[in-house]
Chemist: 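Sharing a structure below in structure tokens format, with a few things to ask.
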Amino acid sequence: MLQVGEDGSMEIPSELREKLGIEAGTKLVARVEGDRLVLETPAAVLARLQALFAGVEGSMADELIAERRAEAERELHN
């Protein structure tokens, strides 16, 4: 169990830090997932996102730009 200090700090127990390879100075990304606080390394975030979008083909940015251009073209002719 972790306890939050008055300044908002928390100490991660050494066994958890060792298991996850977290050392002094390691940067972590914090996010809320439901009613949980999730801490993960930037490398873990990247791996999770790459897995999430692994089946996506093409460029999502190119698709969005094409949609915006088509919408602007429709507005010009209305």
Side-chain angles (χ1 to χ4, degrees):
M1 182 176 292
L2 302 177
Q3 183 172 345
V4 179
E6 289 186 29
D7 63 352
S9 65
M10 293 183 288
E11 184 173 317
I12 301 171
S14 60
E15 61 272 9
L16 293 177
R17 291 192 315 267
E18 289 171 10
K19 184 175 183 176
L20 297 171
I22 298 171
E23 301 173 341
T26 298
K27 294 186 186 251
L28 299 173
V29 177
R31 63 186 171 87
V32 175
E33 189 176 275
D35 61 351
R36 301 181 312 149
L37 172 63
V38 178
L39 301 174
E40 54 190 337
T41 63
V45 172
L46 179 60
R48 183 171 48 79
L49 291 174
Q50 286 174 333
L52 181 66
F53 292 103
V56 176
E57 292 186 23
S59 169
M60 294 171 72
D62 289 343
E63 186 176 326
L64 179 60
I65 290 169
E67 287 176 8
R68 296 288 186 234
R69 286 182 178 155
E71 183 177 325
E73 187 67 26
R74 282 192 302 272
E75 287 178 5
L76 276 175
H77 297 292
N78 286 334

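Not measured: the values here are computed from a predicted model.
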Chemist: Once salt bridge (Lys or Arg N to Asp or Glu O under 4.0 Å) is applied, what residue pairs with a partner in residues 39-68 remain, sequence neighbours excluded?
Modeler: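 Of all non-adjacent pairs touching residues 39-68, those that pass salt bridge (Lys or Arg N to Asp or Glu O under 4.0 Å) are Arg31-Glu40, Glu40-Arg48, Arg68-Glu71.
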
Chemist: With the 4.5 Å side-chain cut-off for hydrophobic clustering, are Leu20 and Leu28 part of the same group?
Modeler: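 Yes; Leu28 is reachable from Leu20 via cluster members.
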
Chemist: Can you tell me which residue pairs pass the side-chain hydrogen bond (donor to acceptor under 3.5 Å, both in side chains) test with a partner in residues 16-27, sequence neighbours excluded?
Modeler: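 Checked against side-chain hydrogen bond (donor to acceptor under 3.5 Å, both in side chains) - neighbours excluded - no pair reaches residues 16-27.
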
Chemist: Hey, what else clusters with Leu76 if you join Ile, Leu, Val, Met, Phe, Trp, Tyr whenever side-chain heavy atoms sit under 4.5 Å?
Modeler: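 Direct or chained contacts put Leu76 with none.
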
Chemist: Identify the residue among Glu75, Arg69, His77 that makes a side chain to side chain contact (heavy atoms under 4.5 Å, CB included) with Glu73.
Modeler: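 That would be His77.
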
Chemist: When you compare the side chain of Leu2 with that of Pro13, does any pair of heavy atoms fall below 4.5 Å?
Modeler: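 Yes - at least one pair of side-chain heavy atoms lies under 4.5 Å apart.
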
Chemist: In the hydrophobic cluster built from side-chain contacts under 4.5 Å, what are the other members alongside Met1?
Modeler: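 Besides Met1, the hydrophobic cluster comprises nothing; the residue is isolated.
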
Chemist: Each residue besides Leu46 in its hydrophobic cluster should be listed here, by chain and number; the cluster joins Ile, Leu, Val, Met, Phe, Trp and Tyr at side-chain heavy-atom distances under 4.5 Å.
Modeler: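 Joined to Leu46, directly or through intermediates: none.
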
Chemist: Under 6.0 Å from the CD atom of Glu15, do we count more than 12 heavy atoms belonging to anything else shown?
Modeler: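 It does: Glu15 CD has more than 12 such atoms within range.
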
Chemist: Using the rule that two of Ile, Leu, Val, Met, Phe, Trp, Tyr join whenever any of their side-chain heavy atoms come within less than 4.5 Å, decide whether Leu39 and Val32 are in one cluster.
Modeler: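 Different clusters.
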
Chemist: Do you know which two heavy atoms are closest between Met10 and Val4, and how far apart they sit?
Modeler: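 Closest pair (atom of Met10, atom of Val4, distance): CG-CG2, 3.8 Å.
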
Chemist: Suppose clustering is done on Ile, Leu, Val, Met, Phe, Trp and Tyr with side-chain heavy atoms closer than 4.5 Å. Which residues sit in the same group as Val29?
Modeler: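 ILVMFWY cluster around Val29 also holds Val45, Leu49, Leu52, Phe53, Val56, Met60.
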
